[in-house]
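Residue numbering restarts at 1 for every chain, and letters A, B, ... go by the order of the sequence lines. Heavy atoms only: backbone and side chains are in, while hydrogens, waters and symmetry mates are out.
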Amino acid sequence: MASVTEEQVELARELIQSVPPGEVTTYGDVAAHAGLSSPRLTAWILRTDGHDLPWWRVIAASGRPSARPPERQLDRLAAEGVPVVDGRVVLKECRHRF
DNA sequence: ACTTTGACTAGAA
DNA sequence: TTTCTAGCCAAAG
């Protein structure tokens with residue numbers, strides 16, 4: 001598959017929506033479970049077709065928030081119960097496993 | 001058809 | 001610990 005199919009996008013959306021409050025997932029995880037070729041595609045989906053998804057629950061594997069207004073994002077995550085330490089999300093504890 | 005860009009990642013410095 | 005580099009894939013100009 002040379003491009004991202006509807007199926008992949010749909011699955012990625014499902015996965016992201018299935019992440020409960022208090023937990024987060026990474027681009028790589030979503031990509032892996034959705035069958036995407038690369039984590040960048042997850043980012044591409046969130047940027048283009050994922051405007052309806054809880055993009056704030058999808059963070060980089062480094063534990064850093066996405067490159068969008070990160071301050072509000074961290075506050076929102078913390079409010080949902082996501083462990084945030086020193087401006088960094090604790091993936092080790094809140095990473096959702098599908 | 002080619003080049004640039006991007007909400008990434010893992011590894012190196 | 002943080003910052004940089006290279007690899008990565010698809011879309012947009």
Exercise for review: Test A/L41 against every option in A/L36, A/L46, A/V30 by the side chain to side chain contact (heavy atoms under 4.5 Å, CB included) rule and name the one that passes.
Suggested key: A/L36
Point to revise | Rounded distance in Å - CD1 (A/I45) to P (C/dA10) | key: 11 Å
**Study point:** Selection from B/dA7, C/dC9, B/dT9 that lies nearest to any side-chain heavy atom of A/T26
**Key:** B/dT9
Check your understanding: Are any of A/R47's side-chain N or O atoms less than 4.0 Å away from OP1 or OP2 of B/dA7?
Key -> yes
Revision key, fill the gap. Atom CD1 of A/I16 and atom P of B/dC8 are separated, to the nearest Å, by 13 Å
Practice item. Nearest whole angstrom, please: distance from the P of C/dC9 to the CZ of A/R40. Key: 11 Å
Review point. Whole Å only: how far is the CG atom of A/L46 from the P atom of B/dA7?
Key: 10 Å
Study note, to complete from the structure: note: A/Y27, atom OH; C/dA10, atom P; distance rounded to Å ~ 18 Å
Review point. So with a 6.0 Å cut-off around CD of A/E10, is the heavy-atom count from everything else above 12?
Key: no
Revision key, fill the gap. On DNA chain C, more 5' by nearest nucleotide between A/L41 and A/R88 is A/R88
Check your understanding: Within the pair A/T42 and B/dC8, is there a side-chain N or O less than 4.0 Å away from OP1 or OP2?
Key -> no
Revision key, fill the gap. Assert: residue with more 5' nearest nucleotide on DNA chain C, out of A/S38 and A/R64, is A/R64
Point to revise | Distance, rounded to the nearest Å, where A/L91 contributes CG and B/dT9 contributes P | key: 9 Å
Practice item. Indicate, with a heavy-atom threshold strictly under 4.0 Å, whether A/W55 touches base, sugar-phosphate, or nothing. Key: base
Revision key, fill the gap. Note: A/G87 and A/P65 closest approach over all heavy atoms is O-CD, 4.3 Å
Practice item. Return yes if some donor-acceptor pair links the side-chain N/O of A/S38 with the main-chain N/O of A/R40 below 3.5 Å, else return no. Key: yes
